[in-house]
Number of protein chains: 2
Amino acid sequence: MAKRNEATRGRLSREAIIVSAVALADAEGLDAVTIRRLAQEHGVTPMAMYWHFNDKDSLLDGLAEHLIEAVQLPEPGDAPWDQELREILDAFLAAIRPHPALAGLAMRRILAAESGLLIAERVLGLLRRGGFAPAQAAEVGTFLICSIITLAVADAVPGPPPTGEEREQALRDKRARLESLPPGRYPNVIAAAPALVVCRDEDDYFSLNLDLLVGGLHGLRRG
Amino acid sequence: MAKRNEATRGRLSREAIIVSAVALADAEGLDAVTIRRLAQEHGVTPMAMYWHFNDKDSLLDGLAEHLIEAVQLPEPGDAPWDQELREILDAFLAAIRPHPALAGLAMRRILAAESGLLIAERVLGLLRRGGFAPAQAAEVGTFLICSIITLAVADAVPGPPPTGEEREQALRDKRARLESLPPGRYPNVIAAAPALVVCRDEDDYFSLNLDLLVGGLHGLRRG
DNA sequence: CCCATAACTGTACGACGTACATGGGGGTGA
DNA sequence: TCACCCCCATGTACGTCGTACAGTTATGGG
């Protein structure tokens, strides 16, 4: 086993482990994030991880917290509530988009992290300003956050992200399969096939669906 | 190893395996669904599974397909597009709600299943009737389905569903933690704490957020 | 009766998370 | 200077997982 390499010389640390775990997840997917693998990357025995984390789950907790802490909340201003909410959701999405493999971790862990509580507080506050009662704000807010995580997770393939070449090929295959469906039964699937296998522009896709969510809030208040 | 028990006497079959896998997932979570465990339940060697499924992933494909096939699509009528769409989304949610541990599987596999294509076709058709272009319909439709799956997944705890007693305790603890936060910093979180740890009424929660989604569609068309 | 095929068994391998006991080395107080 | 302690890491082992590969039985058509 190679002794501590350059990048990680000196003692191990919680933070260093988390950083390399994030990189690993980005590069090869969440399944590649393994106690043994991380230990190896740090030139250390697997059991050394257990000094810094109780178990694998608390490592994942750490990853989720790391992710959530990256959210750059905009300063509270005097913009309309829905506009400020939109900015927060944008910021949240922007923070997790670079790490689709990890986004799913955040789902159940937002309220466990300090920074997650802050996000929740802001979102709930704005919803209440928008006229929602506390309980409704909680339910809608939960759904908003979960939906945005879903948006980010949705374009993560499990396992290692394929190389450009084979990714192209897989997408072509998938599209071809959809387009060779019986045209009588699936006209709309066929027409939408190009957009179903991959969206033209991710930014547009995200912004479209954020519009949908925030716009939907107004409908709820009227109802 | 107990020889074939009563319930599963005779030959193994793809369908029988899937059915028991669904039951197992419902009872103890997706992690309990194991080649070895399923084999054991059928009084059979683990490797026997590989006659009926190429590998574990295709078993999961089977589970997802099983789930999607349970969706009871309403007959196409002459109701307004948004109303019919809502009915379809309701039907979809109703089908996956009983199996929260499996719902996540459906996310990436809808377009792989025959019945999933049918759902997609209906949804896309209605969205186009609602004035969306094919590409937009694809993006919005994808998001709708994913969001609904998220709704169902959200109230699944990973691992075995805890007994009523310890579940109650866990919820009490979580709520207490939120309510003992500094009231100056987190007034809204505290006010919403009861609804954050568990919603008053799941039906209301689901219907509220489906309203949000379908209502949001109208906003998109105007914009 | 023969034998191809379908269905299943047996054994083995390399991963995984982690319990438990052990060891060392650097900073601190004597 | 030395002894001590405790942080940090090691070493070994166990039980689990998915599954590759080869061998065995049951079934039914020629």
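The chains referred to below are lettered A, B, ... by the order of the sequence lines, with proteins before strands, and numbering in each begins at 1.
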S.K.: Expressed as a whole number of angstroms, how long is the span from A:H42:NE2 to D:dT10:C1'?
M.R.: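 Result: 17 Å.
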
S.K.: Looking only at side-chain atoms of A:A48, point me to the closest of C:dT18, D:dT10, C:dC8.
M.R.: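 Comparing C:dT18, D:dT10, C:dC8 against the side chain of A:A48, the answer is D:dT10.
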
S.K.: Which comes earlier along DNA chain C counting from the 5' end, the contact point of A:R37 or that of A:N54, where each point is its nearest nucleotide?
M.R.: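 That would be A:R37.
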
S.K.: Nearest whole angstrom, please: distance from the P of C:dG17 to the CZ of A:F53.
M.R.: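 The answer, rounded to whole Å, is 13 Å.
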
S.K.: Check A:A192 against B:L124 and note the closest heavy-atom contact, atom names and distance.
M.R.: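 What the structure gives for the nearest pair is CB-CD1, 3.9 Å.
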
S.K.: With the side chain of B:T45 defined as its heavy atoms from C-beta on, choose the nearest nucleotide among C:dG17, C:dT9, D:dT10.
M.R.: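 So the side chain of B:T45 is nearest to C:dT9.
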
S.K.: Rounding to an integer number of Å, can you tell me how far A:M47 CE sits from C:dG23 C1'?
M.R.: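 Answer to the nearest Å: 15 Å.
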
S.K.: Using heavy atoms to find the nearest nucleotide of DNA chain D for A:R36 and A:H52 separately, return the residue whose nucleotide is more 5′.
M.R.: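 On the 5' side of the pair lies A:H52.
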
S.K.: Please evaluate residues B:R172 and B:Q169 with respect to the criterion side-chain hydrogen bond (donor to acceptor under 3.5 Å, both in side chains), reporting the C-alpha separation (whole Å), side-chain torsions for both, the decisive distance (0.1 Å), and the verdict.
M.R.: CA-CA 5 Å; B:R172 262 194 305 272; B:Q169 189 56 49; 2.7 Å; yes

S.K.: Over all heavy atoms of both residues, which pair between A:S58 and A:F53 is shortest? Give the atoms and the distance, please.
M.R.: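 Minimum heavy-atom separation between A:S58 and A:F53: OG-CB, 3.5 Å.
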
S.K.: List the atom of A:A64, the atom of A:R109, and the distance in Å for their closest heavy-atom pair.
M.R.: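 Minimum heavy-atom contact is CB-CD, 3.4 Å.
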
S.K.: To the nearest Å, give me how far apart CG (B:D31) and P (D:dG18) are.
M.R.: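 So the CG-P distance, B:D31 to D:dG18, works out to 10 Å.
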
S.K.: Please state how far atom CH2 in B:W51 lies from atom P in D:dT25, giving the value in whole angstrom units.
M.R.: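 About 18 Å, once rounded to whole Å.
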
S.K.: NZ of B:K56 versus C1' of D:dG18: gap in Å, rounded?
M.R.: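 So the NZ-C1' distance, B:K56 to D:dG18, works out to 8 Å.
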
S.K.: How close or far is atom P of D:dC17 from atom CD1 of B:I35, stated in whole angstroms?
M.R.: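 Distance, rounded to whole Å: 10 Å.
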
S.K.: With a cut-off of less than 4.0 Å, is there a side-chain N or O of B:T34 near OP1 or OP2 of D:dC17?
M.R.: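 It does, given that an N or O in the side chain of B:T34 lies less than 4.0 Å from OP1 or OP2 of D:dC17.
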
S.K.: Without decimals, in angstroms, what is the distance between A:L38 CG and D:dA9 C1'?
M.R.: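 Atom-to-atom, A:L38 to D:dA9, this comes out as 16 Å.
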
